[in-house]
There are 2 protein chains.
Amino acid sequence: MKKAEATRLTILQKAFELIYVKGYQTTSIDDILATTQVTKGAFYYHFKNKDEMGLAIIHEILKPTMTESFITPLQNPGDPLEFIYGMMHHLLMNNPFLKPEFGCPASNITQEMTPWNADFGSAMNELIEQWEDTLVEVLEKGKAAGFVRKDVHSKQVTIMVMSGYWGVRNLGKLDQGKESYSLYLKELKNYLDSLK
Amino acid sequence: MKKAEATRLTILQKAFELIYVKGYQTTSIDDILATTQVTKGAFYYHFKNKDEMGLAIIHEILKPTMTESFITPLQNPGDPLEFIYGMMHHLLMNNPFLKPEFGCPASNITQEMTPWNADFGSAMNELIEQWEDTLVEVLEKGKAAGFVRKDVHSKQVTIMVMSGYWGVRNLGKLDQGKESYSLYLKELKNYLDSLK
DNA sequence: TCAAAAACATACTAATTAGTATGTTTTATT
DNA sequence: AATAAAACATACTAATTAGTATGTTTTTGA
């Protein structure tokens, strides 16, 4: 990788972590410069302004990460209900990057930015629609393969699952540990069983 | 009401609306002064600093509002599953104050403030525990009265319902209207039916 | 009614912010 | 090696921020 490209990527990655922890608006350019050891001249060489960097983070960091977490594992066949539960369990209990006290990066950005920046809104909408479409698709396949009842409404279930995940990621901020996560996962299992 | 008390209440109410729309950190004292027509001297007479005002909003505005919305209606007997569905439907579809693009005030504050201000965290935790306890209680009564299956785990269901609500309030920010709300409510109905 | 306290008003400060102006250094191309 | 462009560095600016200092007005209780 070229050196300049490495600088740009460092900024995006470190800024993403800072924003995950502190929020977008309260992460200052100077914060980013301090943790990356990049100077202001270099920063503004790579990005026109802060928002351009923010959108680049969504497209170049968040989107690939979510594709890797949600879309790619989906290529496997088998019971989609098992698959969905396993994905949620892994995300909530095993993912080493995501901390209960800081929630879900995508959820955080949506909550903070969407009402006031249409570009952030449509960028996040793309991500979420990709996730949504993938879940609907896998549920439909599951219906065809007999894993899921035929009268199940895949999109409704998808919204239920995504909402639950984002919600518990936020509820969990009020815990000390992962109690809410555990309770949520147990009930998610019951719910998914009811779709068989 | 005394005039000074009225000033204080105006600040809390208008600041609450501003924070709901703009977020806590990005709502400036000057914003609040401009919309309330209160001067800085008056503001700092009533509140030691911004955070004291924020906590007062939680305790004196948010908490009573939530009690009125979630706790009081709960005194009625009858089917708790019907009751929960009705409450969610009303909150999502009919509440005139809450707008899809701005989400849920309690959820917003939790997401923004909890990781960085322990006082906000424990204040919000109080609210949520109150809501949680109420839902658990009503579900237990429902089990006793035969409305809910005996093997249902009330706290798990409660976490599922609260997470779903907070999550769909955030998902809904990406919609133009209330599509996600409608889909969520339909599936919530299916889910609650599975607890009968 | 009249002083003391409560309530409010105005002008300021110091820190932080995103962004710019104007450089110097590094890299790539001939 | 020479040169132009790319990449980075430093010093600044103007706006905004929470909070303070120092007043004036209004209310209250003896």
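Keep in mind the model is a prediction, meaning the values are calculated, not measured. Reminder, nothing fancy here: chain letters follow the sequence lines and each chain counts from 1.
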Problem - Between P of C:dG19 and CG of A:Asn49, the distance in whole Å - result: 5 Å

Fill in the blank from the handout: Rounded to whole Å, the CD-P distance (A:Gln25 to C:dA18) equals 10 Å

Practice task
Could you check whether B:Ser28 gets within reach of a base, just the sugar-phosphate, or nothing at all, counting any heavy atom under 4.0 Å?
Solution key: sugar-phosphate

Completion exercise
Separation of C:dT17 atom P from A:Ile32 atom CD1, nearest Å, is 11 Å

Exercise for the section: Kindly indicate, with the supporting measurements, whether the criterion salt bridge (Lys or Arg N to Asp or Glu O under 4.0 Å) is fulfilled by B:Lys196 and B:Asp79. Expected result: CA-CA 10 Å; B:Lys196 278 183 187 168; B:Asp79 185 349; 5.1 Å; no

Handout entry: Nearest-Å distance for atom pair OH/P, residues B:Tyr44 and D:dG23
Key = 21 Å

Exercise for the section: Kindly assign one of parallel, tilted or perpendicular to the pair A:Phe97 and A:Phe16, based on the angle between their ring planes and the thresholds 30° and 60°. Expected result: parallel

Exercise for the section: Find the distance A:Ile29:CD1 to D:dT10:P and express it as a whole number of Å. Expected result: 18 Å

Practice task
May I ask you to check if B:Lys50 and B:Tyr24 form a cation-pi contact, with NZ or CZ under 6.0 angstrom from the six-membered ring centre and within 45° of the axis?
Solution key: yes

Practice task
Mark yes or no for a side-chain to base donor-acceptor pair under 3.5 Å between B:Lys50 and D:dG19, with no hydrogen or angle criteria applied.
Solution key: no

Exercise for the section: Describe the nucleic acid contact of B:Thr26 in one word from base, sugar-phosphate, nothing, applying a heavy-atom distance below 4.0 Å. Expected result: nothing

Practice task
Can you tell me the distance, in whole Å, between the CZ atom of A:Phe47 and the C1' atom of C:dA18?
Solution key: 15 Å

